[in-house]
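Since this is a predicted model, take the numbers as computed values, not measurements. Heavy-atom basis, side chains included; hydrogens, waters and symmetry copies ignored.
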Amino acid sequence: QVQLVESGGGLVQAGGSLRLSCAASGRTFSNYAMGWFRQAPGKEREFVAAISRRGGRSYYANSVQGRFTISRDNAKNTVYLQMTSLKPEDTAVYYCAADFRISDSELAYTMGAYDAWGQGTQVTVSS
């Protein structure tokens, strides 16, 4: 199974930007569809963004559409989440996820579609 390690979280003021990274190891990264999810205190984990195996397709939650961009570099075994115009409601632990069963023509936005998860990175947006 692929191992995932997120980084790049931190404290930022509202309106600011952060870029999260998720480094993968253990398997051929380009065989995996990738996703980002987040979990705020007291809330369920929710979908943020997904990207296809080769990076040609992406999909976003309505709450982040136009502000966040997911991308991947298969040569570096890394997926990114560029976050701009951050809001206090974006405060959460952000997790990356991977699954090899999702084909390159598909995208998945449910937790159950992914079988590998990172440990998460905290993002805090102050008002």
Trainee: I'd like to check Val93 versus Thr121 (side-chain heavy atoms, cut-off strictly below 4.5 Å). Are they in contact?
Mentor: no

Trainee: Taking the side chain from Asp99 and the backbone from Asp115, do they hold a donor-acceptor pair closer than 3.5 Å?
Mentor: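 Yes, because the side chain of Asp99 sits within donor-acceptor range (under 3.5 Å) of the backbone of Asp115.
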
Trainee: Give a yes or no answer on whether the side chain of Arg53 reaches the backbone of Ile102 with a donor-acceptor pair at less than 3.5 Å.
Mentor: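 Answer holds: yes.
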
Trainee: Taking everything shown except Gln13 itself, do over 12 heavy atoms lie less than 6.0 Å from its CD?
Mentor: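 Open.
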
Trainee: Contact between Val123 and Asp90 at the side-chain level, heavy atoms closer than 4.5 Å - yes or no?
Mentor: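 They are not in side-chain contact.
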
Trainee: By ring pair (Phe, Tyr, Trp, His ring centres under 6.0 Å), which residues pair with Tyr59, not counting sequence neighbours?
Mentor: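 Tyr59: ring pair (Phe, Tyr, Trp, His ring centres under 6.0 Å) contacts with Phe47, Tyr109.
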
Trainee: With side chains defined as the heavy atoms from C-beta onward, is the minimum distance between Arg19 and Leu81 less than 4.5 Å?
Mentor: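 No, side chains not in contact.
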
Trainee: Check whether any side-chain N or O of Ser52 sits under 3.5 Å from a backbone N or O of Ser105 as a donor-acceptor pair, and report yes or no.
Mentor: no

Trainee: Looking at Leu4 and Ala24, what are the two nearest heavy atoms and their distance?
Mentor: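 Looking at all heavy atoms of both residues, the shortest contact is CD2-CB, 3.7 Å.
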
Trainee: Applying side-chain hydrogen bond (donor to acceptor under 3.5 Å, both in side chains) as the test, list every pair that has at least one member in residues 68-77; sequence neighbours left out.
Mentor: Arg72-Asn74

Trainee: Looking at side-chain heavy atoms only, is the closest gap between Met111 and Phe37 below 4.5 Å?
Mentor: yes

Trainee: Does some side-chain heavy atom of Ile51 sit less than 4.5 Å from a side-chain heavy atom of Arg57?
Mentor: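 Side chain of Arg57 against side chain of Ile51, heavy atoms only: no contact under 4.5 Å found.
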
Trainee: Under 4.5 Å between any side-chain heavy atoms of Glu6 and Ser21, yes or no?
Mentor: no

Trainee: Regarding Arg45 and the six-membered ring of Tyr95, is the cationic atom NZ or CZ under 6.0 Å from the ring centre and inside 45° of its axis?
Mentor: yes

Trainee: Looking at every non-hydrogen atom in both residues, tell me the closest pair between Ala40 and Thr91 and how far apart they are.
Mentor: CB-O, 3.6 Å

Trainee: How would you list all residue pairs meeting disulfide (SG to SG under 2.5 Å) that involve residues 97-127, not counting sequence neighbours?
Mentor: none

Trainee: How would you list all residue pairs meeting ring-ring contact (aromatic ring centres under 6.0 Å, His included) that involve residues 60-83, not counting sequence neighbours?
Mentor: none

Trainee: For Glu106, which residues count as a side chain to side chain donor-acceptor pair (under 3.5 Å) partner, sequence neighbours excluded?
Mentor: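 Counting only residues at least two positions away or on another chain, Glu106 forms a side chain to side chain donor-acceptor pair (under 3.5 Å) with Ser103.
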
Trainee: Give every residue pair that meets the disulfide (SG to SG under 2.5 Å) criterion with at least one member in residues 1-116, sequence neighbours excluded.
Mentor: Cys22-Cys96

Trainee: Take atom CZ in Arg101; do more than 12 heavy atoms of anything else shown fall under 6.0 Å from it?
Mentor: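 Buried by this count: over 12 neighbours within 6.0 Å.
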
Trainee: Say whether, by atom type as modelled, one donor and one acceptor occur between the side chain of Tyr94 and the main chain of Gln39 under 3.5 angstrom.
Mentor: no

